Amino acid sequence: MNYVLITGGAGYIGSHICKFFFDEGFVPVTFDNLSKGNKWSVKWGPLELGDLSDEGRLKRLFEKYSFIGVIHLAALSSVEQSCAEPNLYYKNNVIGSFNLLQKMIEFKVKNIVFSSTAAVYGNPIFLPIDEKHPTQPINPYGDTKLAVEKLIYNYSKAYEINFISLRYFNVSGSDFLNKIGEAHSPETHVIPLALESIKNNNIFNIYGDDYNTKDGTCIRDFIHVKDLGKAHFLSFKKLLSCKACEFINVGCGKGFSIYEILDSAKKITNMGVSTSIVKRRDGDPDILISNIDKAKKFLSWKPKYSDINSIISDSWKWHQIYS
Ligand SMILES: NC(=O)c1ccc[n+]([C@@H]2O[C@H](COP(=O)([O-])OP(=O)(O)OC[C@H]3O[C@@H](n4cnc5c(N)ncnc54)[C@H](O)[C@@H]3O)[C@@H](O)[C@H]2O)c1
């Protein structure tokens with residue numbers, strides 16, 4: 001059997017990746033502690049309950065399945081929480097990844113696609129951000145991801161680990177037809193928050209309107225979760241066919257301000273929303289826009305569903321089913 005270990009497979013992005021790999025003939029084995037994920041979203045392969053901190057549990061997992069590779073998504077990922085409780089983030093994200101890599105070495109599993117983030121870059125020095133941009137995270141979350149990238153890179157040299165680290169920009173959208181979508185708790189991402197406010201007639205908080213951008217709100221680059229699923233699949237296929245040791249941006253290469261997101265959400269839902277300007281959240285850079293030339297060239301990938309209106313529309317369809 002083509003077993004692929006998906007850590008964090010019960011989470012938002014992980015569930016979409018499981019679906020993608022299942023459709024391509026792999027057996028996605030989800031390893032998740034369900035701290036943030038949902039049992040109902042694991043539909044395309046077995047769910048193995050466990051925590052990355054539990055080395056004995058990881059050993060039993062690797063004994064049970066003969067994995068051909070790993071997609072490593074399991075992590076805590078709230079920028080704001082990471083600023084308030086960095087200890088949780090270093091322990092869960094860095095030590096958890098260390099434990100996973102140890103088991104990969106022990107069981108001779110060589111291939112890993114790692115869920116990294118644009119947060120490794122910090123405040124951009126130039127735009128759009130390519131992979132050669134300096135990595136200077138401005139929050140502990142981004143720093144934990146950078147630490148894991150360095151860990152994997154050094155392990156790749158010493159232990160022949162074959163890896164692609166995908167640096168995601170902002171992920172949204174859903175595979176609503178398969179009843180999976182964004183269900184973080186608490187939700188911290190702008191598109192689901194905007195849609196929740198619209199649906200429930202709540203005030204939408206804008207975290208700062210004094211950023212150095214055209215309308216004062218943060219600018220972000222959004223990628224549809226289905227495009228991200230494909231990027232993982234193409235990365236994994238690459239690892240199976242040749243040696244790789246790469247860091248690759250995945251975004252759509254365009255930026256949208258919070259006001260632009262709200263305008264699009266209002267049009268798509270045909271509903272209004274009240275807003276309130278509140279203080280900035282810790283650790284938010286002004287602008288993040290990706291250069292995705294490397295993903296296009298190296299993975300032969302390009303975003304297909306990542307038009308901002310399609311992303312919001314698919315998120316809206318999911319929100320109407322889910323919440
Ligand atoms: N959502 C985004 O926009 C975005 C952007 C950049 C990077 N990422 C990265 O993508 C990955 C997935 O993000 P998501 O939005 O699907 O988050 P999510 O919280 O929905 O999924 C993460 C999953 O990992 C599990 N998990 C966390 N720590 C674990 C541990 N120690 N042991 C076992 N399971 C554990 C959680 O229960 C959850 O199911 C994360 O690594 C995140 O940092 C996400």
Side-chain angles (χ1 to χ4, degrees), residues 5-19 29-42 47-55 57-58 61 70-79 81-82 88-100 103 112-121 137 139-149 152 165-175 180-193 220-225 227-229 231-232 247-252 284-285 288 290 306 311 315 322:
L5 172 58
I6 319 277
T7 74
Y12 164 50
I13 298 168
S15 58
H16 289 80
I17 289 175
C18 287
K19 168 75 172 72
V29 177
T30 287
F31 182 76
D32 204 297
N33 62 10
L34 298 184
S35 61
K36 300 282 175 191
N38 299 293
K39 208 171 178 179
W40 52 255
S41 68
V42 184
L47 169 62
E48 294 285 347
L49 270 178
D51 194 291
L52 290 173
S53 65
D54 185 344
E55 293 176 55
R57 178 69 187 95
L58 277 174
L61 177 78
V70 179
I71 312 291
H72 177 33
L73 299 116
L76 294 172
S77 59
S78 156
V79 166
Q81 188 192 24
S82 79
L88 287 185
Y89 277 68
Y90 286 98
K91 185 164 183 236
N92 193 72
N93 296 359
V94 183
I95 298 177
S97 301
F98 170 81
N99 290 339
L100 174 69
K103 285 296 159 278
I112 181 167
V113 179
F114 174 57
S115 286
S116 189
T117 164
V120 298
Y121 294 117
N139 54 61
Y141 163 64
D143 200 50
T144 63
K145 291 287 182 174
L146 184 61
V148 177
E149 283 196 345
I152 297 177
S165 179
L166 293 177
R167 292 174 172 167
Y168 319 163
F169 283 64
N170 281 55
V171 187
S172 205
S174 76
D175 184 350
I180 46 174
E182 210 160 356
H184 298 109
S185 178
E187 189 53 78
T188 57
H189 296 86
V190 58
I191 291 177
L193 284 175
R220 293 291 180 266
D221 177 337
F222 293 85
I223 173 170
H224 197 295
V225 67
D227 284 331
L228 190 62
H232 282 78
F247 303 93
I248 303 180
N249 287 342
V250 268
C252 85
D284 271 343
L288 294 171
S290 62
S306 294
I311 291 177
S315 293
Y322 175 73

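Because the structure is predicted, anything quoted here is derived from the model rather than measured. Keep in mind that the numbers below use all heavy atoms, side chains included, and drop hydrogens, waters and symmetry copies. One-based numbering, in listed order, for ligands and for the atoms of each.
- A side-chain donor-acceptor contact under 3.5 Å links Y121 and N249.
- Side-chain polar atoms of Q81 and Y141 form no donor-acceptor pair below 3.5 angstrom.
- Between L52 and ligand 1, at least one pair of N/O atoms sits closer than 3.5 Å.
- Checking side-chain atoms of K145 against main-chain N and O of S115 turns up a donor-acceptor pair under 3.5 Å.
- Remark: ligand 1 atoms within the under-4.0 Å shell around heavy atoms of G50 are 32 (N), 33 (C).
- Residue-ligand proximity, S115 to ligand 1, at heavy-atom distances under 4.0 Å covers atoms 10 (O), 11 (C), 41 (O).
- For Y168 and H232, the distance between ring centers is under 6.0 angstrom.
- Close approach of ligand 1 to S77 is summarised as follows: ligand atoms under 4.0 Å from at least one heavy atom of the residue are 42 (C), 43 (O).
- Residue contacts with ligand 1 for N92 involve side-chain atoms from C-beta outward but no N, CA, C or O (heavy atoms, distance under 4.0 Å).
- Looking at F169 against ligand 1, only its backbone comes within 4.0 Å, counting heavy atoms.
- Set against the non-hydrogen atoms of A10, the atoms of ligand 1 under 4.0 Å away are 39 (O).
- Residue contact check: L34 has heavy atoms under 4.0 Å from atoms 37 (O) of ligand 1.
- Using modelled atom types and a 3.5 Å distance limit, the side chains of S315 and E182 yield no donor-acceptor pair.
- Of the polar atoms of V171, at least one N or O is found under 3.5 Å from an N or O of ligand 1, judged by distance alone.
- S97 and H72 share a donor-acceptor pair across their side chains, judged by distance under 3.5 Å alone.
- Not one N or O of S53 is nearer than 3.5 Å to an N or O of ligand 1, by distance alone.
- In this comparison of F114, Y12, Y168, the heavy atom closest to atom 6 (C) of ligand 1 sits on Y168.
- Nearest residue to atom 37 (O) of ligand 1 from I17, D54, D32, L76 is D32 (criterion: closest heavy atom).
- When non-hydrogen atoms are compared, ligand 1 lies under 4.0 Å from the backbone of S116 (N, CA, C, O) but not from its side chain.
- Set against the non-hydrogen atoms of A75, the atoms of ligand 1 under 4.0 Å away are 22 (C), 24 (O), 27 (C), 28 (N), 41 (O).
- The residue among I6, I13, L49 with a heavy atom at the shortest distance from atom 44 (C) of ligand 1 is I13.
- Residue A74 has no nitrogen or oxygen atom sitting less than 3.5 Å from a nitrogen or oxygen atom of ligand 1, judged on distance alone.
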Q: Apply the test side-chain contact (heavy atoms from CB on, under 4.5 Å) to residues H16 and I180: give CA-CA distance (whole Å), side-chain angles for both, the deciding distance (0.1 Å), then the verdict.
A: CA-CA 7 Å; H16 289 80; I180 46 174; 3.7 Å; yes

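- Between the side chain of D221 and the backbone N or O of S290 there is at least one donor-acceptor pair closer than 3.5 Å.
- The residue among N170, L73, T117 with a heavy atom at the shortest distance from atom 40 (C) of ligand 1 is L73.
- Around atom 14 (P) of ligand 1, the closest heavy atom drawn from H184, R57, E182 belongs to H184.
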